[in-house]
Amino acid sequence: SGPKPYDPLMMFKILILQRYYNLSDSQLEFQILDRLTFCRFLGLSLSDKVPDEKTVWLFRSVLIDKGLDKELFEMFGALLEEHGLIAHEGKIVDASFVEAPKQRNTRDENKRIKGGETPEEWDENPHKKRQKDTDARWTKKNGEKHFGYKNHAKVDNKHKFIVKAVTTDASVHDSQALEDLIDEKDRNQDLWADSAYTGEKQVALLKKYGVINKVHEKGYKNKPLNNQQKEANTEKSKTRARVEHVFGFMEQSMNKLEVRSIGIKRAKGFVNMVNLTYNLFRYEQVVRIEGIAMS
């Protein structure tokens, strides 16, 4: 009849530990065996068999293949909404880089990948091809180069829960993801974002959904911002800066956003689990600090 399968809830809790501590599958197996706090959280006794790294990998792969990573994120969001923890008084939009393992490709290989092609020589070497991420992209921001993906998130202003998110490759401009983040639920609400989200298309999109535009205004070479616009941006910053706490928690408490897998499908699964883990920990903070809890 074979060995008894592991409890799915325990396996899910293992993935939450993995995302919070940013552990590889082998590190995770070791830490469960080594840390009593991990065992206690998972409901394991010292004599219980611990899932090995291959079991964790398989469970996560099945979860992502079935789209349950997104479903679980949405289910917890619906629970937060049901209990009034998503206030719908305003939203903040921003994006953060998700670093991927660097690819050592030639200039010609990179050119072909950007054009949507796979270099022919990789087809002759399936092992090499498996190690190549043709979905991740390079980009530059503030003089720093990044390779990988982006986590575009819409955050509820009041309690700072992520209510919607989109994963793209790193080269996609922040403003391009706005269309996938804004929806009918945002009607008559303020929307804060930095000046990366300005532009005719973005203004039209916010008007279409009846969103109150609190996006930072942008100065141009021959049209700098006047004092009134600068003051308005400073005022907007007081609220917009709240989103920095979200990504700050991910970068510091969750030990950076670094995907170890290959391809955008796995990257999306990674980001969905990161966002869900953040929301779970944020809920614990809200309960502890503000004494508000789901009944």
Side-chain angles (χ1 to χ4, degrees), residues 1-83 85 98-101 130 133 148-149 151 153 161-165 167 246 249-250 253-287 293-294:
S1 60
K4 188 182 169 187
Y6 289 105
D7 174 37
L9 178 59
M10 182 193 72
M11 293 302 296
F12 169 71
K13 286 164 88 173
I14 284 174
L15 296 189
I16 296 298
L17 282 176
Q18 182 173 44
R19 286 289 59 83
Y20 181 66
Y21 290 98
N22 194 21
L23 300 168
S24 67
D25 293 340
S26 58
Q27 286 170 333
L28 183 63
E29 182 187 351
F30 174 79
Q31 294 289 0
I32 295 168
L33 290 164
D34 191 58
R35 289 197 195 189
L36 284 173
T37 50
F38 277 29
C39 287
R40 209 173 297 133
F41 175 69
L42 299 171
L44 292 168
S45 68
L46 293 173
S47 58
D48 285 330
K49 191 168 177 262
V50 169
D52 63 16
E53 60 178 293
K54 283 184 182 173
T55 305
V56 172
W57 177 88
L58 183 63
F59 181 80
R60 189 179 57 249
S61 295
V62 170
L63 193 89
I64 293 168
D65 287 340
K66 290 181 180 291
L68 294 175
D69 51 307
K70 191 169 187 284
E71 203 174 309
L72 286 163
F73 172 80
E74 288 170 355
M75 278 173 69
F76 188 61
L79 262 178
L80 292 169
E81 191 146 353
E82 196 182 309
H83 289 83
L85 290 168
V98 178
E99 305 290 342
R130 275 198 301 272
D133 193 335
Y149 300 92
N151 178 11
F161 288 111
I162 297 171
V163 292
K164 202 170 184 181
T167 306
V246 177
F249 182 88
M250 291 175 182
S253 300
M254 293 172 72
N255 302 309
K256 283 196 158 190
L257 291 179
E258 291 178 330
V259 67
R260 291 182 173 90
S261 55
I262 302 291
I264 195 156
K265 186 181 179 180
R266 293 285 179 261
K268 284 180 178 179
F270 171 88
V271 171
N272 285 332
M273 289 305 294
V274 163
N275 291 340
L276 174 56
T277 302
Y278 163 79
N279 275 354
L280 287 165
F281 276 82
R282 180 62 191 152
Y283 172 70
E284 186 275 331
Q285 287 177 336
V286 169
V287 171
M294 296 184 202

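- Here the straight-line distance linking atom OH of Y149 with atom CD1 of I264 works out to 5.5 Å at 0.5 Å rounding.
- If you take CE on M250 and CG on N22, they are separated by 12.0 Å, rounding to the nearest 0.5 Å.
- Residues D69 and N272 have side chains that bring a donor and an acceptor to within less than 3.5 angstrom of each other.
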With a 3.5 Å cut-off and sequence neighbours excluded, list the donor-acceptor pairs that the side chains of residues 29-42 form with protein atoms.
residue : atom : partner : partner atom : Å
E29     : OE1  : E53     : N            : 3.1
Q31     : OE1  : R35     : NE           : 3.0

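- No side-chain heavy atom of V246 sits under 4.5 Å from any side-chain heavy atom of R282.
- Note that CZ of R19 is 11.5 Å distant from CG of L276, once rounded to the nearest 0.5 Å.
- Pairing each heavy atom of N275 with each of A165, the nearest pair is ND2-CB, 3.3 Å.
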- request: Evaluate the side chain to side chain contact (heavy atoms under 4.5 Å, CB included) criterion for residues R266 and D65: first the C-alpha distance (whole Å), next the side-chain angles of each, then the deciding distance (0.1 Å), finally the verdict.
  value: CA-CA 9 Å; R266 293 285 179 261; D65 287 340; 3.3 Å; yes

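- Closest heavy-atom contact between S261 and P101: O-CD, 4.3 Å.
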task: Tell me, with the steps shown, if H83 and L79 meet side chain to side chain contact (heavy atoms under 4.5 Å, CB included).
output: CA-CA 6 Å; H83 289 83; L79 262 178; 3.9 Å; yes

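- Ring geometry, F249 versus Y20: the interplanar angle falls from 30° to 60°, so the pair is classed tilted.
- For the atom pair CG (N151) and CD1 (I162), the distance works out to 6.0 Å, reported to the nearest 0.5 Å.
- Here OH of Y283 is found 8.0 Å from CZ of F161. Values are rounded to the nearest 0.5 Å.
- Under a cut-off of 6.0 angstrom, the local environment of CG in L46 is sparse, with at most 12 non-hydrogen atoms contributed by other residues, nucleotides or ligands.
- Between V50 and L44 the shortest side-chain heavy-atom distance falls below 4.5 Å.
- Separating the OH atom in Y6 from the CG atom in D52 is a distance of 6.5 Å, to the nearest 0.5 Å.
- Heavy-atom contacts from other residues, nucleotides or ligands closer than 6.0 Å to NZ of K70 number 12 or fewer.
- Here the side chains of M273 and I64 are not in contact, with every heavy-atom distance at 4.5 Å or above.
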From CA spacing to verdict: side chain to side chain contact (heavy atoms under 4.5 Å, CB included), Q18, R60: CA-CA 11 Å; Q18 182 173 44; R60 189 179 57 249; 3.0 Å; yes

message: Using the rule given for side chain to side chain contact (heavy atoms under 4.5 Å, CB included), can you reason through L280 versus I16, listing the C-alpha separation, both sets of side-chain angles and the distance that settles it, and then say yes or no?
response: CA-CA 9 Å; L280 287 165; I16 296 298; 3.7 Å; yes

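- What you find for P51 and M10 is that their closest heavy atoms are CG-CE, 3.7 Å.
- In this structure the side chain of L257 reaches within 4.5 angstrom of the side chain of V274, judged on heavy atoms.
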